[in-house]
Amino acid sequence: MRASRSAGVSSFQEPAPAGKAPARQLRASSVAKWQCIFFMADGRSISAESERRSGAGGKADPPQGPGRSGSGGPPAWSSRTWPARRDGLSIRAMSVRVRFAPSPTGFLHIGGARTALFNWLYARHHGGKFILRIEDTDAARNSEESVRVILEGLRWLGVGWDEGPLTPDATGPCQGDRGPYFQSQRRALYERRVEALLSHDLAYEKDGAIWFRMNPEATTFHDLIVGEVHRELPDREKENPDFVIVRSDGKPVFHLTNVVDDLEMGVTHVIRGEDHLSNTPRHIALFEAFGVKPPHYAHIPLILNPDGSKMSKRDQGASLQTYIDEGYVPEAVVNYLCLLGWSPKDNQEILSLEELIDRFDLTGVQRHNARFDLAKLQWMNGQYMARMEPDRFYELGVHTLAHAGFDPNAWPVEYVKAALDTCRGKLKTFAELPGYAGFYFREEVVFDPEAEAEHLVPASREGLERLRDAFARLEHWDAGHLEACLKNTAGEMGVKPRQLVHPLRVALTGSKIGPSLYHLIEVLGRETTLARIGSALERIGA
RNA sequence: GGCGCCUUCGUCUAUCGGUUAGGACGCGGCCCUCUCAAGGCCGAAAGAUGGGUUCGAUUCCCAUAGGCGCUGCCA
């Protein structure tokens with residue numbers, strides 16, 4: 001164990017690696033400097049931030065204590081580093097503030113959606129705030145349309161944000177008092193922070209870019225999911241651990257903007273993908289340079305393709321939009337995503353939003369990556385479809401049909417409802433609906449060639465004719481009577497019901513698969529049923 | 001290559017050192033049945049490898065292998 005960083009002075013005492021430039025010994029190391037920055041950089045927000053954090057210190061300290069072993073030494077936010085927190089104004093548990101900070105790339109990655117979800121659930125579970133911040137510093141690939149995809153994706157999932165943009169317009173209205181919530185609108189904030197770093201020699205300019213001075217030391221930090229993370233210096237960083245925070249074209253770099261925003265927005269827990277684990281020491285160093293305690297970190301494992309490779313933009317199913325387009329139920333997607341990398345520990349698979357909020361916590365998050373399993377998502381979606389309220393099923397069904405080119409509104413509402421009702425419990429996704437129930441909404445039956453060849457044959461003629469006559473005379477047009485009628489007819493003919501059932505189904509729907517035969521006949525109505533039997537007989541005759 | 005994280009049925013997971021290693025999806029079989037589903041029942045299916053620690057390891061430690069991540073003046 002070394003007491004280097006937090007002592008605030010040891011950097012000067014530790015032997016510098018051979019060949020080290022003197023300037024490097026002035027790296028972010030001195031408490032006095034931090035306090036200066038604290039006052040000079042941005043009195044208002046830093047001050048407010050620090051007080052808030054310090055007040056929370058007593059209760060919400062990261063789990064690791066100063067006595068912990070490891071060459072990274074104790075955390076730099078010990079009381080010696082930051083005395084003010086001892087007499088903070090409000091000594092009570094800080095309220096949780098988490099954020100989802102996507103970069104608008106044109107689509108919402110399924111992994112990003114889960115990250116947002118975990119943040120949201122964490123906030124809801126702990127009664128905190130969920131912030132949405134758009135990291136649109138890379139103007140080249142950003143557009144309002146890209147932001148819209150993110151906003152609509154989150155809304156579709158039911159993940160609402162307490163603070164953040166109201167519209168995709170970066171200069172448009174936002175809610176929350178820590179805005180702007182688009183990084184492209186926060187340049188002044190970054191510049192002020194960079195000035196502060198520069199003026200205290202915690203950063204320097206070189207080749208037109210601004211570099212942050214990093215301590216060339218191994219680091220250790222605590223992660224709420226991964227646990228202790230100890231990191232030796234890679235070879236490259238032994239040579240030069242400094243990194244660019246402002247590019248030579250003047251644009252601030254991710255590491256800088258991310259930290260500054262989290263700091264300014266009072267983020268208490270950074271819950272993000274594990275691909276950021278390696279960035280964390282840099283971020284912590286930045287927070288320390290600004291003189292504040294870093295937030296808690298929780299790195300969630302990644303979502304992999306079924307074959308174990310990294311799921312990237314181009315991979316099948318990587319975009320949330322796929323599931324929106326294919327008629328998935330948002331609650332099912334949410335439920336599935338939660339179970340991918342998190343477990344309620346009691347074998348329960350189907351959990352409502354309320355149950356998820358109630359039970360979600362970081363302790364149940366896995367430490368290893370998970371592969372995406374479409375089959376299980378589909379099963380779950382089917383579960384939600386079978387259980388949802390009839391009215392919702394009706395609405396989503398109509399929407400899907402309209403999307404597929406049908407015009408459900410051309411039929412009476414009661415007819416549409418009854419038709420959709422025969423599909424309940426039969427489908428895994430709404431995308432299957434047009435193919436499954438399209439016959440309800442077409443004038444002419446579209447025949448599946450195989451079904452027609454198999455069942456609309458001369459041998460079926462007599463059965464269909466007798467059924468047509470029987471149905472024409474049937475007094476009560478409902479599933480029960482239709483079934484009895486068909487079985488009667490079969491009895492009279494001395495054949496099994498199934499010998500009538502299959503040709504009839506194909507005659508009415510064009511397909512071998514579909515809803516319950518008697519129920520679909522009831523919905524179709526006498527006129528259509530008789531007409532379609534007639535058409536089928538003509539086809540047989542032809 | 002360097003640094004980091006990870007490793008239970010095909011997949012998602014349960015297991016707070018002692019279990020016939022449980023559940024779910026998927027798969028196979030049976031039942032139900034007008035088709036397809038749904039539902040019910042049954043079944044096959046797992047602790048990467050090698051060392052330790054321990055009376056006893058899936059569980060704790062180390063190593064190896066493998067996977068993933070980071071290694072940009074991308075985010």
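Please read all numbers here as calculations on a predicted model, not as lab measurements. Reminder, nothing fancy here: chain letters follow the sequence lines and each chain counts from 1.
Here A:A370 lies in heavy-atom contact (under 4.0 Å) with sugar-phosphate atoms only. Here A:K496 lies out of heavy-atom contact (under 4.0 Å) with every strand. No engagement by A:E454 is indicated, since no non-hydrogen atom pair under 4.0 Å with the nucleic acid exists. Counting any heavy atom pair closer than 4.0 Å across all strands shown, A:F243 reaches no nucleic acid atom. Within the nucleic acid shown, A:K345 comes within 4.0 Å of sugar-phosphate atoms alone, with no base atom in reach, counting heavy atoms only. Using a 4.0 Å heavy-atom cutoff across all strands shown, A:H502 reaches sugar-phosphate atoms only and no base atom.
Taking only distance into account, the side chain of A:R505 meets the base of B:C34 through a donor-acceptor pair shorter than 3.5 Å. Between the base of B:C34 and the side chain of A:S516 there is a donor-acceptor pair shorter than 3.5 Å. Side-chain atoms of A:K310 stay outside donor-acceptor range of the base of B:C68, with no qualifying N/O pair under 3.5 Å. No donor-acceptor contact under 3.5 Å links the side chain of A:K376 to the base of B:U13. With hydrogens and angles ignored, no donor-acceptor pair under 3.5 angstrom links the side chain of A:Y336 to the base of B:C12.
Taking the charged nitrogens against the carboxylate oxygens, A:E195 and A:R192 have no contact shorter than 4.0 Å, which rules out a salt bridge.
Which of B:G69, B:G22, B:U11 sits closest to the side chain of A:N347 comes down to B:G22.
Using the Watson-Crick or G-U wobble rule with both distances under 3.5 Å, B:C41 pairs with B:G29. The partner of B:C5, taking Watson-Crick or G-U wobble pairs whose two distances both stay under 3.5 Å, is B:G67. Under the Watson-Crick or G-U wobble criterion, with both distances below 3.5 Å, B:C16 has no partner in any strand shown.
When the options A:F100, A:Y122, A:F118, A:F130 are evaluated for a ring pair (Phe, Tyr, Trp, His ring centres under 6.0 Å) with A:H269, the one that passes is A:Y122.
RNA chain B is contacted by both A:H276 and A:R236; A:R236 maps to the nucleotide lying nearer its 5′ end (nearest heavy atom per residue). Mapping A:D275 and A:G227 onto RNA chain B by nearest heavy atom places A:G227 at the nucleotide closer to the 5' end.
A:Q383 and A:E349 share no donor-acceptor pair across their side chains, judged by distance under 3.5 Å alone.
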